[in-house]
Amino acid sequence: MFDAPARREGVRIVAPDRPGYGASSPWPTRDLTDTGAFVAPVLDDAGVDRAGVVGFSGGGPHALALAATHADRVTSVDVVAGATPPDCPPTPRVQRLLGRLASTTPRLLSGLLRVQAWLAGVAPAVVVSQYAETERVPDEVASLVARDFVDAVAASRRGAITELRLLAASWDLPLASVDRPVRLRHGTRDANVPIAGARALRDRLPDARLTAVEDADHLTALLRSRAPVVAQHAD
């Protein structure tokens with residue numbers, strides 16, 4: 001979804017799968033502080049010394065983790081509708097349930113994700129409805145979100161289960177060590193990650209500012225943030 005604005009601005013995007021998603025091998029014992037162990041080699045392979053890092057939703061904590069542990073590789077961090085630490089309330093009931101399933105009954109959760117992937121293949125709106133009001137999302141975006149979801153969990157659900165368990169537990173991430181500029185963009189109507197959590201996260205970071213995306217839910221915040229986020233890295 002960032003491809004078109006990136007091409008307009010002449011910005012190169014490197015978008016790695018996290019372990020266990022897509023074709024990436026699972027790493028069930030990893031912590032947030034391990035993010036650099038799988039991102040830094042990707043940057044090396046791409047010939048990139050330093051980069052601006054963008055994380056959406058569950059990718060937000062990983063963007064912060066890379067800055068905390070590999071500051072020499074990061075120029076700045078953009079977090080769009082990012083997940084927040086579990087002690088930054090409120091945590092929606094669905095997110096708490098998924099975290100418990102990931103920790104206590106991962107096989108059940110894997111089966112649910114498999115069914116969800118099948119539904120995404122035949123009815124993209126089913127997946128989109130978890131992140132946005134479907135009537136506000138263009139059909140081509142809905143199809144892309146559904147396709148990405150299917151690609152992410154088709155080979156294995158272990159990555160998603162690891163992520164849900166990891167983000168529901170106390171973060172091992174030293175937020176005070178994130179000494180790069182952090183720009184948080186968050187929808188005021190985000191039901192997946194309420195903006196109150198983003199405000200609390202901002203206050204824990206040494207150099208962070210929060211932009212409220214008015215009347216935006218989880219996915220709509222991403223759609224409306226693409227152009228301004230990419231433009232910041234155009235130079």
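This chain uses plain numbering: 1 for the first residue, then up along the sequence.
In this structure a side-chain-to-backbone donor-acceptor pair under 3.5 Å is present from R180 to V74. The closest donor-acceptor contact from the side chain of R224 to the backbone of E214 lies under 3.5 Å. Using a distance-only test at 3.5 Å, with no hydrogens or angles considered, a donor-acceptor pair links the side chain of D34 to the main chain of D31. Looking only at distances, no side-chain donor or acceptor of R158 sits under 3.5 Å from a matching main-chain atom of P28. Between the side chain of R114 and the backbone N or O of S110, no donor-acceptor pair lies under 3.5 Å. A distance-only check finds a donor-acceptor pair linking the side chain of N192 to the backbone of Q130 [under 3.5 Å].
Between L166 and L32, the closest side-chain pair of non-hydrogen atoms falls below 4.5 Å. Put simply, the side chain of P92 reaches to within 4.5 Å of the side chain of Q95, judged on heavy atoms. Between L64 and L201 the shortest side-chain heavy-atom distance falls below 4.5 Å. Counting heavy atoms from C-beta on, the side chains of P26 and S156 come closer than 4.5 Å. With a 4.5 Å cut-off on side-chain heavy atoms, S25 and P19 do not count as touching. Here the side chains of D72 and H70 are in contact, with some heavy-atom distance below 4.5 Å.
For the atom pair CD1 (I195) and CG (L210), the distance works out to 5.0 Å, reported to the nearest 0.5 Å. A distance of 13.0 Å separates OG1 in T33 from CH2 in W171, rounded to the nearest 0.5 Å. Atoms OG1 and CG, on T104 and L109 in that order, are 9.0 Å from each other to the nearest 0.5 Å. Taking CZ of F149 as the reference point, atom OH of Y21 lies at 9.0 Å (rounded to 0.5 Å). The distance from atom CD1 of I161 to atom CG of L101, rounded to the nearest 0.5 Å, is 9.5 Å. With rounding to the nearest 0.5 angstrom, the CE atom of M1 is 4.5 Å from the CG atom of L222.
Under the 4.5 Å side-chain contact rule for hydrophobic residues, L66 and F2 do not share a cluster. Taking hydrophobic clusters as Ile, Leu, Val, Met, Phe, Trp and Tyr residues chained together by side-chain heavy-atom distances below 4.5 Å, L119 does not share a cluster with V128. Both L167 and F38 are assigned to one and the same hydrophobic cluster, defined by single-linkage of ILVMFWY side chains at heavy-atom distances under 4.5 Å. Criterion: ILVMFWY side-chain heavy atoms under 4.5 Å apart, direct or through other members. Under it, L113 and L108 are part of a common hydrophobic cluster. In the hydrophobic cluster analysis, where Ile, Leu, Val, Met, Phe, Trp and Tyr join through side-chain heavy atoms closer than 4.5 angstrom, W118 is grouped apart from L112.
A 6.0 Å sphere centred on CG of D139 holds no more than 12 heavy atoms belonging to other residues, nucleotides or ligands. For R209, the CZ atom sits in a loose shell: 12 or fewer heavy atoms of surrounding residues, nucleotides or ligands are nearer than 6.0 Å.
Side-chain contact annotation: S103 with R165, donor-acceptor N/O pair under 3.5 Å absent. With no hydrogens or angles considered, a side-chain donor-acceptor pair links H62 and E163 at under 3.5 Å. A side-chain donor from one of S76 and R183 sits under 3.5 Å from a side-chain acceptor of the other.
Pairing each heavy atom of A146 with each of A120, the nearest pair is CB-O, 3.8 Å. Across all non-hydrogen atoms, the minimal contact from A23 to D17 is N-OD2, 3.9 Å. A67 approaches V178 most closely through the heavy-atom pair CB-CG1, 3.9 Å. When every heavy atom of S57 is checked against every heavy atom of H218, the shortest pair comes out as OG-NE2, 2.9 Å. Considering all non-hydrogen atoms of both residues, C88 and A200 come closest at SG-CB, 3.7 Å. The two residues A231 and E9 come nearest to each other via the heavy atoms CB-OE2, 3.9 Å.
Contact check on D44 versus R73 returns a salt bridge, with a Lys/Arg side-chain nitrogen under 4.0 Å from an Asp/Glu carboxylate oxygen. Under a 4.0 Å N-O distance rule, the pair R136/D215 qualifies as a salt bridge. A salt bridge links R7 with D3; the closest basic N to acidic carboxylate O contact falls under 4.0 Å. Between R189 and E133 there is a salt bridge, with a side-chain nitrogen of the basic residue lying less than 4.0 Å from a carboxylate oxygen of the acidic one.
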Checklist entry - Step by step, would you call R185 with S225 a side chain to side chain donor-acceptor pair (under 3.5 Å)? => result CA-CA 7 Å; R185 298 180 65 86; S225 297; 3.0 Å; yes

Item to check | Pair V127-V145, side-chain contact (heavy atoms from CB on, under 4.5 Å): steps then yes or no | outcome: CA-CA 8 Å; V127 172; V145 170; 4.1 Å; yes

Item to check | Stepwise side-chain contact (heavy atoms from CB on, under 4.5 Å) test for L219 and V137 | outcome: CA-CA 8 Å; L219 181 57; V137 178; 4.0 Å; yes

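For the side chain to side chain contact (heavy atoms under 4.5 Å, CB included) test with V54, the passing option among V229, V230, I13 is V229; the others fail. A side chain to side chain contact (heavy atoms under 4.5 Å, CB included) with L205 is found for exactly one of D179, V79, V77, V182, namely V182.
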